[in-house]
Protein chains: 2
Amino acid sequence: MTNRISIDDIAKIAGVSRGTVSRAFNERSDISKKTRAKILEISRKHNYFPNNSARGLAKGKTECIGIVVPDLRNPFMPEMITAIEKAAKKHGFSALLSISDGNDETQSKILTRMAFGQVDGIITTPCETAESIRMLNSVNTKIPVVCLKNFDGLRCSSVSYNDRIGVQQLLEHLVGLGHMRIAFVSPPESQWTVSARYAAYDEILDSLKIKYRKNYELPPDSNPTDIWKNVGKLIFDSSNRNIPTAILAFDDIIAVHVMKAAEAYGKKVPHDVSVAGFDNISFSAISSVPLTTVCVNRERLGETAMELLLRRLKDEIKSEELHHIVLIPELVVRSSTAAPHVLRK
Amino acid sequence: MTNRISIDDIAKIAGVSRGTVSRAFNERSDISKKTRAKILEISRKHNYFPNNSARGLAKGKTECIGIVVPDLRNPFMPEMITAIEKAAKKHGFSALLSISDGNDETQSKILTRMAFGQVDGIITTPCETAESIRMLNSVNTKIPVVCLKNFDGLRCSSVSYNDRIGVQQLLEHLVGLGHMRIAFVSPPESQWTVSARYAAYDEILDSLKIKYRKNYELPPDSNPTDIWKNVGKLIFDSSNRNIPTAILAFDDIIAVHVMKAAEAYGKKVPHDVSVAGFDNISFSAISSVPLTTVCVNRERLGETAMELLLRRLKDEIKSEELHHIVLIPELVVRSSTAAPHVLRK
DNA sequence: GCATCTCGTCCGCTCGGGTTC
DNA sequence: GGAACCCGAGCGGACGAGATG
């Protein structure tokens with residue numbers, strides 16, 4: 001740090017006191033427009049800007065929020081983060097991004113550091129372990145935490161979207177097309193969201209008086225680019241006598257793998273099998289067969305989370321007061337779903 | 001901030017001075033193992049951790065780096081960011097992520113704030129305007145800046161990869177397969193990287209004694225999911241008498257659109273037209289026809305950028321000393337390229 | 001003389017009571 | 001009696017000279 005020029009230097013140059021310079025930068029009322037303009041001009045000329053740490057220390061806030069996510073592999077995350085960062089910036093906040101790797105301990109270290117003066121509040125897609133929940137609840141008593149998921153034991157506000165309605169829209173769409181054998185394909189790691197969507201799948205088919213159930217669970221060891229091979233073996237293998245006519249994938253990524261697997265086994269989508277996903281990631285619109293899926297508005301998700309956080313920061317909401325906001329997803333019908341082949345003959 | 005417990009409280013409880021507590025947390029030598037252990041234990045019990053702003057102010061550093069990128073739409077970015085954040089974390093740094101939207105002014109505000117005590121150094125994919133360059137050069141005299149691109153006028157260290165070699169590998173691959181009519185498809189916005197790749201395309205074909213040149217430039221107004229429609233009109237329209245047998249796309253995303261367009265016009269990839277991309281984003285391995293592309297190792301890119309930054313931070317490198325590290329990409333041959341149809345008859 | 005710890009100063013800024021015209 | 005400004009006390013920790021055993 002050469003070039004160090006501080007508030008005192010500017011004060012001296014402007015011929016005012018330190019406090020006045022401070023007031024100029026903090027948009028406070030008790031300063032004349034003229035003085036303020038002059039000070040800002042001088043600051044610009046001398047390339048001065050108030051030091052962030054000092055300001056943070058004196059104010060007891062950082063104007064910075066923390067974003068903690070397990071990884072960025074699913075395009076959903078970057079889109080989500082973009083929205084959060086945008087909303088944060090709009091309110092004068094910066095965003096500290098930290099990747100937990102889905103690891104309890106890593107997450108714990110990140111949260112500790114964040115909670116002690118690194119950020120004013122946290123938006124996170126947390127790990128689902130008991131230890132993680134304990135930690136989040138504890139951090140939430142210190143600085144506000146908004147989770148992008150909501151599950152048992154978590155005592156933090158949350159913004160999420162309604163999995164059940166998403167699943168319902170997709171299933172009703174498929175059943176409406178005439179499908180009676182709809183399978184569910186779930187990812188290797190079992191998370192809360194997976195169970196939630198499966199439960200919805202089960203119950204909604206129930207309400208639609210459909211008996212068929214089939215849950216294909218992907219093996220955990222698969223190489224991310226080879227998932228479709230396992231999908232193929234699991235579902236389309238010729239020895240499988242009871243192939244579903246439609247497949248509800250846990251998310252769009254898996255759906256793409258399902259389509260690829262189908263193709264590899266000579267099945268046409270949607271002619272031989274319909275496929276639907278979840279999330280509407282940008283790629284699903286341009287996949288070889290554009291994917292029918294369910295869309296949650298990331299912009300709104302991000303904005304809502306940020307707004308919830310802001311209200312806690314402004315003390316409009318107390319830490320004991322938990323808010324759970326649930327957004328409604330929308331069905332996006334594309335070409336990967338159609339009436340089952342048998343019906344069309 | 002309720003719950004506020006400071007270094008003084010811990011000192012009092014432990015029966016030592018403030019300085020000793022500080023030393024316990026800073027791994028300094030002049031403190032006995034026993035005292036240190038005791039202090040850390042007490043801190044843990046009382047849920048204490050040194051305040052980040054105060055520490056930053058006293059030390060004159062934040063242990064935080066800034067990452068500034070135009071957007072996260074291309075999956076390349078999140079992968080890049082993941083690598084940087086990982087490397088940063090490894091060295092005890094947090095990462096502040098800021099999205100510039102490719103906008104000069106936004107970038108400028110971000111950099112100003114970052115340069116004044118918000119972070120210790122910056123890794124960025126900068127805008128390419130004159131104003132942006134001026135700003136970066138100026139910021140770089142205050143805190144170290146490492147760019148993930150390198151272009152004229154920029155006086156910052158950089159880590160990038162060799163576009164020319166990437167293009168060369170792809171072209172030699174295509175020409176080796178027998179292609180004589182290879183077109184280049186470039187994105188709407190014209191950036192430095194586009195010209196660099198086009199220049200490489202031109203010169204390398206020259207050196208391979210191939211005359212054919214064709215640059216399809218995508219219109220700027222296209223909806224991100226509809227790019228392929230424009231590609232189709234541009235390239236595969238039946239009135240186009242001189243359709244190339246192979247297409248070199250600026251990046252994988254465009255390549256995917258090219259493949260989709262080809263399909264829409266009844267052309268089979270690679271039977272009727274070969275397609276190659278750039279970047280090897282995760283999706284290109286699972287697109288309907290897996291894409292031939294060129295791969296740069298993000299892990300290395302991120303790590304290298306972080307290491308370069310660290311050396312500046314440790315004063316091993318002076319700000320006047322510019323380092324430009326150029327990584328070599330690797331060819332990844334998949335199924336989207338093959339010998340041209342005519343040859344195979 | 002050495003390991004270990006204490007003390008006072010400083011980092012750069014905000015804030016609010018007090019002062020000035 | 002305001003509007004505009006000054007002043008001094010923190011904010012929580014780092015650090016180095018000096019004290020203690």
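It should be emphasised that the depicted structure is a prediction, and the values quoted were computed from it without experimental measurement. Basis for what follows: all heavy atoms, side chains included, without hydrogens, waters or symmetry-related copies. Chain naming here is simple, since letters A, B, ... match the order of the sequence lines and numbering starts at 1 in each.
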Mind checking if [X] touches a base, just sugar-phosphate, or nothing, with heavy atoms under 4.0 Å?
X	value
A/Ile31	sugar-phosphate
A/Phe116	nothing
A/Ser53	nothing
A/Ser32	sugar-phosphate

Worksheet item: Can you list, by residue number, the residues of residues 13-21 of chain B that have a non-hydrogen atom closer than 4.0 angstrom to DNA chain C?
Response: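 Result for residues 13-21 of chain B: B/Gly15, B/Val16, B/Ser17, B/Arg18, B/Gly19, B/Thr20, sorted by number.
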Fill in: Pair A/Arg55 + A/Glu63: basic N to acidic O under 4.0 Å
no
Fill in: Heavy-atom neighbours of A/Lys149 NZ exceed 12 at 6.0 Å
yes
Worksheet item: Reading DNA chain C 5' to 3', which nucleotide is the first, and which the last, to come under 4.0 Å of any heavy atom in chain B?
Response: C/dT4 to C/dG12
Worksheet item: Taking the side chain of A/Thr35 as its heavy atoms from C-beta onward, which of D/dC5, D/dC15, D/dG12 lies nearest to it?
Response: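 Looking only at heavy atoms from C-beta outward on A/Thr35, the closest nucleotide is D/dC5.
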Discussion item. What verdict does the side-chain hydrogen bond (donor to acceptor under 3.5 Å, both in side chains) test give for B/Thr106 and B/Asp101, after you've listed the backbone C-alpha separation in whole Å, the side-chain angles of each residue and the deciding distance to 0.1 Å?
Written reply: CA-CA 7 Å; B/Thr106 310; B/Asp101 273 328; 5.5 Å; no
Practice prompt. Test B/Ser94 against A/Gln118 for side-chain hydrogen bond (donor to acceptor under 3.5 Å, both in side chains), laying out the working first.
Written response: CA-CA 10 Å; B/Ser94 299; A/Gln118 199 179 28; 2.8 Å; yes
Worksheet item: DNA chain C: B/Asp30 or B/Ala54, which has the more 5' nearest nucleotide?
Response: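 By nearest-heavy-atom nucleotide position, the 5'-most residue is B/Asp30.
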Worksheet item: How far apart are the C-alpha atoms of B/Asp152 and B/Trp192, what are their side-chain angles, what is the distance that settles it, and do they pass the side-chain contact (heavy atoms from CB on, under 4.5 Å) test?
Response: CA-CA 9 Å; B/Asp152 283 350; B/Trp192 184 84; 5.6 Å; no
